[in-house]
Amino acid sequence: MVDFKTIEEKWQTRWSQEKVFEPQIDKSKPKFYITVAFPYLSGHLHVGHARTYTIPDVIARFKRMQGYNVLFPMAWHITGAPIVGIAERIKHRDPQTIYVYKEVYKVPEDILWSFEDPKNIVKYFMKAAKETFIKAGFGVDWSREFHTTSLFPPFSKFIEWQFLTLKEKGLVVKGAHRVRWDPIVGTALGDHDIMEGEDVPILEYVLIKFVLKDGERIYLPAATLRAETVYGVTNMWLNPEATYVKAKIKSGDKEEIWVISKEAAYKLSFQDKEIEIIEEFKGEKLIGRWVENPVTGDEIIILPAEFVDPDNATGVVMSVPAHAPFDHVAIEDLKKNTEILMKYDIDPRILEEMSYISLISLEGYGEFPAVEEVEKLGVKDQKDIEKLEQATKTIYKEEFHKGVFKIEPYKGMKVSEVKERIAKDMKEKGTADMMYEFADKKVISRFGNRAVVKILHDQWFIDYGNPEWKEKAREALEDMKIFPESRRNQFKAVIEWLDKKACARKIGLGTPLPWDKEWVIESLSDSTIYMAYYTISRTINRLREENLLNPEKLTPELFDYIFLMKFDEEKERELSEKTGISREVIREMKEEFEYWYPLDWRCSAKDLIPNHLTFFIFNHVAIFRKEHWPKGIAVNGFGTLEGQKMSKSKGNVLNFLDAIEENGADVVRLYIMGLAEHDSDFDWRRKEVGKLRKQIERFYDLISEFSSYENKEIEPMDIDKWMLHRLNVAIKEATAALEEFRTRTAVQWAFYNILNDLRWYLRRTEGRDDEAKRATLRKLAEVWVRLMAPFTPHIAEELWEKLGGEGFVSLTKWPEPVPEWWNETIELEESYIKGLIDDIKEIISVARLENARRAYIYTAEEWKWRVAELVAEKRDFKASMGEVMKDPEMRKRGKEVSKLIQKLIKDRAFDFKRIDEEKALKQAKDFIESEIGLEIIINPDEDKGGKKRQAMPMKPAVFIE
RNA sequence: GCGGGGGUUGCCGAGCCUGGUCAAAGGCGGUGGACUCAAGAUCCACUCCCGCAGGGGUUCGAGGGUUCAAAUCCCUCCCCCCGCACCA
């Protein structure tokens with residue numbers, strides 16, 4: 001058994017000792033700069049992460065072998081609240097957290113308790129992550145390692161510079177923002193902070209202020225998601241049993257009296273409104289009163305409806321029976337229920353005479369779609385909630401997408417457009433307000449309290465909604481490569497809908513906002529341009545080690561020069577004086593940046609497209625010159641474990657490090673790279689990994705064996721030529737795949753296909769042990785090891801050494817197809833032989849010729865070849881026939897010729913290349929015989945079984961007896 | 001709801017952009033065989049249906065359409081996955 005572990009450690013040590021992956025500026029070489037989203041270290045990396053980080057390493061290794069000067073750096077992300085939260089939970093001995101860290105991440109107990117301090121969590125997992133990456137064989141330039149937040153001051157200064165720059169450009173703004181809020185604890189709630197209902201969306205209700213005449217001006221704000229239907233209101237609904245309040249509502253300098261449900265008053269108090277309750281009463285008090293529609297001026301009556309939920313929005317509902325199923329059904333119910341009408345002293349004629357107002361024309365429906373839909377579904381009454389909701393959904397959807405509005409001044413517009421227009425117009429006139437509400441009531445914080453929607457003020461935003469900025473982002477995307485290309489649309493869409501993004505919060509680790517230190521820059525905002533920091537990071541680290549760096553001296557002016565300006569000695573002198581950093585060192589940083597930037601590739605998993613990766617584009621175009629805009633993004637999918645989603649809380653996680661310990665880094669790398677491609681997901685199956693390990697051992701053994709052979713220049717036999725030709729194909733295809741980050745295809749060519757071809761070759765050459773074969777295998781070994789080097793670098797180094805290769809395989813030249821090795825003809829001959837063997841086997845099985853002794857093979861006669869070639873050229877029956885018949889020899893067998901042409905046309909056998917069938921057969925005779933266990937007779941004079949005439953080019957006739 | 005991506009032969013998963021050479025790569029699983037005392041590993045063959053001569057038939061979410069020809073192009077419908085932000 002191959003000792004992977006020893007081999008891996010041996011080469012990891014050598015790489016590190018010889019600084020193989022710490023590139024220096026080298027202007028004689030093209031540079032290649034690739035980065036991957038740094039990990040957030042709240043735990044160990046698992047096998048899903050392995051994919052994300054192995055891809056750039058493979059690509060980096062590939063490019064390095066192609067002769068590029070490659071920079072592949074790494075750093076650690078510790079910004080944000082989760083790590084602090086974990087420390088908190090450890091402190092409180094939260095069992096779930098302790099389970100995860102003790103059992104899943106296997107943190108030793110004495111260290112575990114030190115996690116009460118978040119700094120210790122960070123320290124522990126940074127160390128572990130680095131160890132993991134080293135053991136995985138990643139060719140990372142560790143001289144540039146750093147981590148985020150104020151715990152690493154130089155980087156913090158860099159982030160300060162970024163934010164000052166953005167602010168100067170007017171891209172950081174202050175404003176209000178709605179958040180989920182725990183009203184008891186008094187904190188904003190992120191997804192992690194929510195126990196139940198984390199996926200409940202927040203809806204924006206329009207509150208249309210109907211006017212209740214009662215001496216004073218009282219508003220009854222009806223909440224709706226369909227503001228356009230205000231034109232079709234026939235009445236109002238209140239729940240007679242619910243508690244409503246009359247309250248003074250102060251909003252800004254406006255003060256009004258509203259009637260809303262008690263719950264609504266509470267909720268609105270979090271949404272920029274001061275509420276002073278004047279009176280509390282049951283809904284029934286207002287039933288039968290009249291209000292004025294603020295848009296149409298209509299006088300309408302307030303009617304009772306039990307479907308009205310006081311705990312949804314304002315608890316005041318306007319009734320649009322033509323287009324809202326609930327409203328229509330409630331009216332029908334009322335008509336039948338004279339008792340209630342009597343109770344509230346409502347004249348039944350009001351209902352009888354009520355006429356529905358049709359607002360929207362909708363194909364497939366008449367004037368009142370809601371009525372039709374209700375009838376269609378057979379809704380009984382307003383208690384028939386399920387069907388009513390179904391009907392509402394259908395009508396809403398249909399009208400929104402296909403409906404055309406019929407009322408002036410919006411006549412002829414699509415409902416989807418009118419909706420927003422009307423709401424906007426009403427808000428401007430002051431006849432409408434708005435309210436945020438959860439789409440579902442059950443949103444519970446992890447503190448066990450029911451959440452509300454709160455409007456936060458003084459929040460800092462990055463204004464991704466800025467139109468000029470968006471335009472620049474589009475422009476950058478246009479010039480970028482995106483792998484897979486199919487993801488480009490998503491980037492485009494994200495750029496379009498991205499708007500103000502809160503960029504700071506009050507808790508968690510991070511860099512304080514330079515102008516407002518109470519706020520800490522959050523994690524998606526301090527991770528957008530750090531690729532530029534890597535270029536100067538080595539220098540900074542060196543200064544730190546030599547104790548020559550005072551981070552405070554890393555001023556915006558310095559960063560401006562390094563990242564934004566042209567080379568300028570005068571400026572360098574000036575900065576040197578100001579910062580105490582020598583001019584040479586400033587120069588060095590500037591040169592590093594100018595040499596490595598722009599970034600060639602940014603890699604990450606696909607979940608970061610809607611945020612990090614797009615922010616990355618935005619921030620680059622905002623800050624850097626166009627020549628420094630990023631050039632490409634490659635996204636990858638996730639991983640599952642034996643078909644199950646990995647979940648640390650369930651303990652269903654395979655740590656990257658454990659996988660390496662179990663299987664060896666090379667096996668893990670090759671397995672993951674060969675398992676899926678681009679953005680598709682992979683599934684880790686233990687059994688398959690085990691199998692692959694065996695195959696890699698086989699690879700190791702084979703190459704080891706071949707390494708003892710000599711690469712003599714000896715005239716190869718045809719099958720040797722075939723092998724070399726196939727090797728050329730593998731080189732070409734693997735290279736093409738890697739250029740596009742298609743790792744799975746690359747592995748298929750670089751590993752499996754060569755393995756299969758080699759298997760065939762060894763079978764074909766069984767019993768042969770001559771110089772030509774040995775030379776062929778030796779050549780194969782030298783190519784194969786290099787093709788495998790990006791995927792299985794340790795074993796490749798080991799084998800490269802055995803082969804006597806110079807230096808590291810990691811630094812040797814990537815193979816290119818050898819022009820003399822190309823040989824299409826031999827490839828065709830080989831597949832011809834293979835096809836023939838398959839044919840014979842099929843004949844034997846179908847005809848059940850168990851006792852066959854001999855197979856007679858007849859190759860196509862010369863004239864058939866000539867016809868085939870002609871047909872391949874003409875690709876048309878008439879043209880071919882006409883041409884062939886010019887030949888008197890052919891005319892003699894006119895009928896046969898015409899049949900042949902017909903068949904060739906039908907089979908579309910148009911890309912014939914001529915091979916010497918008889919020669920190929922003779923050379924492979926022994927092999928064919930041993931494969932099928934019959935004696936082979938090639939082109940005998942006697943036409944056995946009358947089969948001879950069936951022979952076609954590339955498909956010989958066969959008779960078996 | 002909005003936005004993005006998908007539905008392929010037992011399963012996973014290529015191919016579809018650039019229609020034909022696609023019954024459709026590869027892997028897994030299954031069956032049979034070689035090897036072995038045996039197991040494992042390895043190797044070989046088969047794995048939609050039919051077929052006593054290398055052939056034929058029916059397939060690529062459903063239904064239409066374009067075409068001499070569609071898994072591949074167009075339309076309609078159904079279903080699945082992911083994101084919708086202050087959270088890494």
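Letters A, B, ... mirror the listed sequences (proteins, then strands); counts begin at 1.
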Gap between atoms CZ and P, on F461(A) and A85(B) respectively (whole Å): 13 Å
Separation of atom CZ in R949(A) from atom P in A53(B), rounded to whole Å: 16 Å
D607(A) side chain to H612(A) side chain, donor-acceptor N/O pair below 3.5 angstrom: no
Nucleotide of A85(B), G51(B), A14(B) approaching D499(A) most closely (side-chain heavy atoms): A85(B)
Nearest-angstrom distance from the residue atom CZ of F638(A) to P of G5(B): 16 Å
For residues 745-753 of chain A, run the donor-acceptor check on the side chains, cut-off 3.5 Å, and write out each pair with its distance to 0.1 Å, sequence neighbours left out.
| from | atom 1 | to | atom 2 | distance (Å) |
| --- | --- | --- | --- | --- |
| T745(A) | OG1 | E677(A) | OE1 | 2.9 |
| T745(A) | OG1 | E677(A) | OE2 | 3.0 |

RNA chain B: 5'-proximal contact among E961(A) and V179(A) (nearest heavy atom): E961(A)
D463(A) CG to C86(B) P, straight-line distance once rounded to whole Å: 17 Å
Length of the line joining R744(A):CZ and G26(B):P, which is rounded to integer Å: 12 Å
Closest nucleotide among G54(B), A14(B), C86(B) to the S680(A) side chain: A14(B)
Minimum-distance nucleotide to K501(A) side chain [options: G54(B), A85(B), G13(B)]: A85(B)
Heavy atoms of other groups near E642(A) CD, more than 12 under 6.0 Å: yes
Sugar-phosphate only, base, or nothing, as touched by S486(A) at under 4.0 Å among non-hydrogen atoms: sugar-phosphate
Closest to side chain of I960(A), choosing from A53(B), A85(B), G54(B): A53(B)
Base partner of C43(B), which must satisfy Watson-Crick or wobble distances under 3.5 Å: G33(B)
Sugar-phosphate, base or nothing in reach of L675(A), heavy atoms under 4.0 Å: nothing
Identified pairing partner of C77(B), criterion: Watson-Crick or G-U wobble below 3.5 Å: G61(B)
Please list, pair by pair, any protein nitrogen or oxygen found under 3.5 Å from a nitrogen or oxygen in nucleotides 27-34 of chain B.
| from | atom 1 | to | atom 2 | distance (Å) |
| --- | --- | --- | --- | --- |
| C28(B) | OP1 | K691(A) | NZ | 3.3 |
| G29(B) | OP1 | K687(A) | NZ | 3.0 |
| G29(B) | OP2 | K691(A) | NZ | 3.3 |

Whole-Å C1' distance, A23(B) and C48(B): 8 Å
D838(A) CG - C44(B) P separation (whole Å): 13 Å
Base paired to C28(B) (Watson-Crick or G-U; both N/O distances under 3.5 angstrom): G10(B)
Nucleotide nearest A847(A) when distance is taken to its side chain, options A53(B), A85(B), A41(B): A53(B)
Nucleotide of A25(B), G4(B), A53(B) approaching N489(A) most closely (side-chain heavy atoms): G4(B)
Atom P, compared across G13(B) and C81(B): separation rounded to whole Å: 15 Å
Over-ring placement of R602(A) relative to F616(A), 6.0 Å and 45° cut-offs: yes
No-H, no-angle donor-acceptor pair, R763(A) side chain to A45(B) base, under 3.5 Å: no
From G54(B), C86(B), G4(B), nucleotide with atom closest to Q490(A) side chain: G4(B)
Touch class at under 4.0 angstrom, heavy-atom based, for F400(A) against every strand present: nothing
Under-4.0 Å side-chain N/O to phosphate OP1/OP2 contact, N611(A) with C86(B): no
Between F638(A) and F682(A), ring centroids under 6.0 Å: no
NZ/NE/NH1/NH2 to OD/OE distance under 4.0 Å, K955(A) and D839(A): yes
Distance between P atoms of G40(B) and U31(B) (Å, rounded): 12 Å
Touch class at under 4.0 angstrom, heavy-atom based, for P484(A) against every strand present: nothing
Whole-angstrom distance between G32(B) and U21(B), as gauged at atom P: 34 Å
Given A53(B), A41(B), A85(B), the nucleotide with the shortest approach to the side chain of V846(A): A53(B)
Nearest-angstrom distance, C1' atom, G1(B) to C60(B): 32 Å
P-based separation of A24(B) from U36(B) [nearest Å]: 36 Å
Pair F615(A) + Y464(A): ring centers closer than 6.0 Å: yes
W497(A) CH2 to G1(B) P, straight-line distance once rounded to whole Å: 18 Å
Side-chain heavy atoms of H46(A) within contact of K648(A), under 4.5 Å: no
Between P of G13(B) and CD1 of I672(A), the distance in whole Å: 16 Å
Interatomic distance at P, A71(B) relative to U8(B), whole Å: 15 Å
Pairing nucleotide - G83(B), Watson-Crick or G-U, each distance under 3.5 Å: C2(B)
Identified pairing partner of G19(B), criterion: Watson-Crick or G-U wobble below 3.5 Å: none
D607(A) vs Q950(A), nearer the 5' end of RNA chain B by closest nucleotide: Q950(A)
Basic-acidic side-chain contact under 4.0 Å: K501(A), E522(A): yes
Partners meeting ring pair (Phe, Tyr, Trp, His ring centres under 6.0 Å) with H177(A) (sequence neighbours left out): F461(A)
Under-4.0 Å salt bridge between R854(A) and E961(A): yes
Nearest-angstrom distance, P atom, G61(B) to U9(B): 8 Å
Proximity to the side chain of K841(A) - top-ranked nucleotide from A45(B), C86(B), G54(B): A45(B)
